[in-house]
Amino acid sequence: MSRAAAAARDTAGPSGAPAASSRPPAGAVGVPGAAAGTAGPPIATAEASPRAARLGAWAELLRLPALFTVPGDALAGAAAAGARPGPRTLLAIGSSLCLYEAGMALNDWADRAEDAAERPHRPLPSGRIRPAAALTAAGVLTGAGLALAAGAGRPALAVAAPLAATVWAYDLALKHTPAGPAAMAAARGLDLLLGAAATGGGTRAALPSAALLGSHTLAVTAVSRRETTGGSVRAPLAALATTATLTGLVARRRTRLPAGRRAAAAPGLSGSNPAPTVTEALTAALGAVYAATAARPYFHAALNPSPPLTQRAVGGGIRATVPLQAALAARSGAPGAAATSLLVAALAPAGRLFARRSAMRKVSIT
């Protein structure tokens, strides 16, 4: 889906990351069963290496480690809709993943001329993947995403269609315009609403969560606009203020009274301020993780807006997406909200592990 909230450098895991300066090697393929001191079948090795190189190029083009930031959108949306995740939620996650990857492939196709001059090591300008293949992949993935959304029901398809349109509009027309950050934020918010529509059949209850996630994405994207040149103090300062505001809004405790007492209870009366629940404590903890993940690199970039520190700020903002998604799921109070939030939170270490094992610690999202 939305390309995860803008150009972002992921220096330590599953976040996307703009303009990464290094690329993962294609990888080596061992020869299973070769006896010590003997060479494996030369034909198998000759066939395996080009195949591994092709797979590595596609993994690089599609930014596979960044996928771990995507499922949390649909899961947070399902929780915000007040429903427990189910089979339709899985369809929404599949749709989100397909649309996200469509945006990745389309991004490189749209930027192939620019990359040829500035980033010749990328899959398209290096010749490892043909531009026509990337464009075809973007179209096929978009179709698959819409089909999966249709399988989740009409409400889900009604959200997936504008989400797909936003992804294509961003990559083909809006990315380098002032409307780019807003388009990225809209895509991330729509992705959350897709989970709500697929699981609960509607999106109204999930609109506040979508707005919070979209605001975070907008801040990260604004910082990423200067990640190759640096020099911007206002963007990281604005992102830092946004992080503080969102942390307060996410962790704000919502009073829930028994049904028969909601109308009668007034502030100060016994029972109007119940003790914090486990879910509320979990929300506060996840909100703190979100703030710690995003705020420190933003602060450093504000003090010294050099390209490396700006890139770290973008990477920190992208990594903070996962704990924010988890906090939004927890605060919903929906059935199974605590379990859903913990599942979302687990995506962060899983993504870091995948990135290390696949030699893709630095992943470009733009």
Side-chain angles (χ1 to χ4, degrees), residues 1-8 16 18-19 58 60-64 66-67 69-70 73-74 77 91-116 119 122-125 129-152 154-195 197-198 203 210 213-214 217-218 220-222 224-225 318 321 363-366:
M1 87 112 244
S2 88
R3 294 184 345 251
W58 279 101
E60 185 179 337
L61 177 77
L62 298 176
R63 287 81 160 175
L64 293 186
L67 285 179
T69 68
V70 177
D73 289 345
L91 288 173
I93 291 174
S95 176
S96 295
L97 292 172
C98 287
L99 294 176
Y100 186 94
E101 291 291 45
M104 292 293 138
L106 185 63
N107 171 74
D108 275 26
W109 181 85
D111 287 351
R112 62 193 185 281
E114 176 184 334
D115 286 346
R119 294 172 283 272
R122 287 195 171 183
L124 268 60
I129 296 177
R130 293 181 297 108
L135 183 60
T136 299
V140 171
L141 286 165
T142 299
L146 293 175
L148 288 169
R154 271 189 191 175
L157 181 58
V159 176
L163 172 56
T166 302
V167 169
W168 281 71
Y170 176 86
D171 282 327
L172 298 181
L174 301 177
K175 178 164 50 178
H176 300 299
T177 72
M184 184 70 79
R188 195 53 102 156
L190 284 169
D191 202 35
L192 187 146
L193 295 179
L194 176 59
T203 60
L213 185 60
T217 303
L218 181 67
V220 179
T221 308
S224 75
R225 308 279 274 191
I318 294 295
T321 301
V363 179
S364 172
I365 277 212
T366 57

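Only heavy atoms go into these numbers, but all of them, side chains included; no hydrogens, no water, no symmetry mates.
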Q: Mind listing the side-chain donor-acceptor pairs of residues 154-166 below 3.5 Å, one per line with the distance, residues two or more places apart or on another chain?
A:
from	atom 1	to	atom 2	distance (Å)
Thr166	OG1	Pro162	O	2.7

Q: Taking all atoms of both residues into account, what is the closest heavy-atom pair of Val70 and Ser96, and its distance?
A: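 Heavy atoms only, the tightest pair is CG1-CB, 3.6 Å.
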Q: Between Asp73 and Leu194, is the side-chain contact (heavy atoms from CB on, under 4.5 Å) condition met? List the steps.
A: CA-CA 8 Å; Asp73 289 345; Leu194 176 59; over 6 Å; no
Q: Closest heavy-atom contact between Asp115 and Pro125?
A: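 Shortest heavy-atom contact: CB-CG, 3.9 Å.
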Q: Under 4.5 Å between any side-chain heavy atoms of Leu141 and Leu99, yes or no?
A: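 SC-SC contact between Leu141 and Leu99 ruled out.
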Q: Name all pairs fulfilling the side-chain hydrogen bond (donor to acceptor under 3.5 Å, both in side chains) condition that reach into residues 131-142, sequence neighbours left out, sorted by first residue then second.
A: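 Listed by first then second residue: Thr142-Trp168.
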Q: What's the separation between atom CG in Asp191 and atom CD1 in Ile93, rounded to the nearest 0.5 Å?
A: 9.5 Å
Q: Considering only NZ, NE, NH1 and NH2 on the basic side and carboxylate oxygens on the acidic side, decide whether Arg122 and Asp111 come within less than 4.0 Å.
A: no
Q: On a heavy-atom basis, which atom in Pro123 and which in Asp108 lie closest, and how many Å separate them?
A: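 Taking every non-hydrogen atom into account, CD-OD2, 4.1 Å.
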Q: Quick one: pull up CD in Glu60 and CG in Leu124 and give me the separation to the nearest 0.5 Å.
A: 10.5 Å
Q: Rounded to the nearest 0.5 Å, how far does CZ of Arg188 lie from CG of Leu213?
A: 6.0 Å
Q: Looking at every heavy atom in both Met104 and Leu61, which two are closest together, and how far apart are they?
A: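 That would be CB-O, 3.8 Å.
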Q: Compare every heavy atom of Ala105 with every heavy atom of Ala134, then report the nearest pair and how far apart it is.
A: O-CB, 3.6 Å
Q: Heavy-atom distance under 4.5 Å between the side chains of Asn107 and Lys175, does that happen here?
A: yes
Q: Does a side-chain N-to-carboxylate-O contact under 4.0 Å join Arg63 and Glu101?
A: no
Q: Tell me if a side-chain donor or acceptor on Arg225 pairs with a main-chain N or O of Ala222 at a distance below 3.5 Å.
A: no
Q: Nearest 0.5 Å, what's the CG-CG distance between Leu62 and Leu97?
A: 11.5 Å
Q: Any idea which heavy atoms bring Trp109 and Pro131 closest together, and the distance?
A: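 Result for this residue pair: CD1-O, 3.2 Å.
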